[in-house]
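Numbers for residues simply follow the sequence, beginning at 1.
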Amino acid sequence: MKMKKIVYFIIFILSILSINNVLAATYNNENIIKKAVLIEDYIKKHKIRIEDFIQKYNIKDTYYLKESINELDESIIALNKIKNSEIPIEQSEKIIQTILKRIKDINDKLKDKLYIEKNNFDNRLKSTRNEYSIL
C-alpha cells in the first residue's frame, strides 16, 4: 500500500513538472510572438516616416534609402515567419536580436545621410528664396 502511494506521488510530481514545461514553452512562444509583433509595428511605422521624409525633402538619389527599406522589408518577412511559428523558438530569439541590431545599424546610417539631405534641401530653399527676394 505504501508503495502505491509513493508511485502515485512520483507520477503526480512528474505530471506537474511536465505541465510546467509545457506552460513555460507556451509562455516563451507567446513572448517571442509579442516581441515580433512590436518590432514589426515599429519597422512599418519607421518605413512610413522614411518615405514621408523622401517626399517632404524631395530627395532624388534614394538608392541608399531604398536599400535600407529593402532591409526593413526582409526583417518584416522574418518577423512574419516567427509570428506564424515557421521558425523554431530557439532560432527565433537569435533572429529577433539580429533584426534589432540591423535596425540600429540602419538608423545610424540613415541619421547621417538624412541630415545631409535635409541640409541640402534647406540650402537649395534658401538660395531659391534669395533669388526671388532679389526680384
Side-chain angles (χ1 to χ4, degrees):
M1 193 67 158
K2 278 187 168 185
M3 191 61 150
K4 281 187 178 181
K5 288 183 182 179
I6 293 173
V7 169
Y8 287 131
F9 181 73
I10 292 173
I11 292 173
F12 178 72
I13 296 296
L14 290 175
S15 65
I16 289 176
L17 291 175
S18 66
I19 289 173
N20 283 342
N21 288 340
V22 169
L23 291 176
T26 303
Y27 173 76
N28 197 13
N29 194 21
E30 288 176 7
N31 191 19
I32 288 174
I33 290 173
K34 285 179 184 179
K35 281 182 186 179
V37 169
L38 288 173
I39 295 170
E40 182 182 6
D41 289 343
Y42 170 79
I43 291 173
K44 286 180 179 178
K45 289 176 186 176
H46 193 51
K47 277 179 50 180
I48 291 170
R49 281 182 274 165
I50 292 170
E51 291 165 353
D52 289 345
F53 193 91
I54 292 170
Q55 287 185 341
K56 181 178 179 180
Y57 291 103
N58 196 23
I59 300 173
K60 303 267 190 261
D61 181 26
T62 59
Y63 172 74
Y64 61 90
L65 293 173
K66 287 180 183 177
E67 187 178 298
S68 297
I69 289 173
N70 286 338
E71 288 182 33
L72 293 174
D73 286 336
E74 291 171 3
S75 298
I76 289 174
I77 291 169
L79 290 169
N80 280 328
K81 287 182 180 181
I82 291 172
K83 286 187 334 188
N84 296 332
S85 300
E86 295 175 23
I87 298 174
I89 295 173
E90 301 83 27
Q91 290 179 342
S92 296
E93 189 64 39
K94 291 177 185 176
I95 291 171
I96 287 175
Q97 292 303 319
T98 304
I99 289 172
L100 289 174
K101 286 180 185 177
R102 177 187 266 184
I103 291 171
K104 185 178 182 301
D105 292 340
I106 290 171
N107 286 345
D108 289 341
K109 285 191 299 188
L110 286 180
K111 182 179 177 183
D112 295 333
K113 292 179 180 179
L114 294 178
Y115 180 78
I116 291 169
E117 291 292 338
K118 182 180 181 290
N119 283 338
N120 290 341
F121 178 82
D122 290 340
N123 290 336
R124 287 192 309 267
L125 183 64
K126 196 181 274 186
S127 69
T128 305
R129 281 184 186 164
N130 287 338
E131 290 175 13
Y132 282 113
S133 69
I134 293 172
L135 292 175

Q) For the side-chain contact (heavy atoms from CB on, under 4.5 Å) test, which of E117, K118, R124 pairs with F121? A) R124

Q: Determine, step by step, whether K35 and I82 satisfy the side chain to side chain contact (heavy atoms under 4.5 Å, CB included) criterion, reporting the C-alpha distance in whole Å, the side-chain angles of both residues, the deciding distance to 0.1 Å, and the verdict.
A: CA-CA 10 Å; K35 281 182 186 179; I82 291 172; over 6 Å; no

Q | I87 versus S92, closest heavy-atom pair with distance | A | O-OG, 3.4 Å

**Q.** Name of the residue among V37, I43, D41 meeting side-chain contact (heavy atoms from CB on, under 4.5 Å) with L79
**A.** I43

Q) Does a sphere of radius 6.0 Å around NZ in K81 hold more than 12 heavy atoms from other residues, nucleotides or ligands, not counting ones at 6.0 Å or beyond? A) no

Q. Looking at NE2 of H46 and CD1 of I39, how far apart are the two atoms once the value is rounded to the nearest 0.5 Å?
A. 13.5 Å

(Q) Determine whether I103 and Y42 satisfy the following criterion, side chain to side chain contact (heavy atoms under 4.5 Å, CB included), listing intermediate values before the conclusion. (A) CA-CA 10 Å; I103 291 171; Y42 170 79; 3.6 Å; yes

Q. Say you draw a straight line from CD of E40 to CD1 of I77; how long is it, rounded to the nearest 0.5 Å?
A. 10.5 Å

(Q) Before you tell me yes or no, could you show the steps for I59 and N120 under side chain to side chain contact (heavy atoms under 4.5 Å, CB included), namely the whole-Å CA-CA distance, both residues' side-chain angles and the distance that decides it to 0.1 Å? (A) CA-CA 9 Å; I59 300 173; N120 290 341; over 6 Å; no

Q: Kindly indicate, with the supporting measurements, whether the criterion side chain to side chain contact (heavy atoms under 4.5 Å, CB included) is fulfilled by K111 and N107.
A: CA-CA 6 Å; K111 182 179 177 183; N107 286 345; over 6 Å; no

(Q) Please identify which of these residues, E93, K94, K101, meets the side-chain hydrogen bond (donor to acceptor under 3.5 Å, both in side chains) condition with Q97. (A) E93

Q | Qualifying residue for salt bridge (charged side-chain N to carboxylate O under 4.0 Å, His left out) with D73, from K47, K66, K44 | A | K47

(Q) Within this structure, what is the CG-CZ distance for the pair N58 and F53, rounded to the nearest 0.5 Å? (A) 11.5 Å

Q. Between D105 and K109, is the closest basic N to carboxylate O distance under 4.0 Å?
A. no

Q. Does one hydrophobic cluster hold both I106 and L38, with members joined at side-chain heavy-atom distances below 4.5 Å?
A. no

Q) Any idea which heavy atoms bring S68 and L110 closest together, and the distance? A) OG-CD2, 3.7 Å

**Q.** Gap separating the CZ atom of R102 from the CD atom of E74, nearest 0.5 angstrom
**A.** 5.0 Å

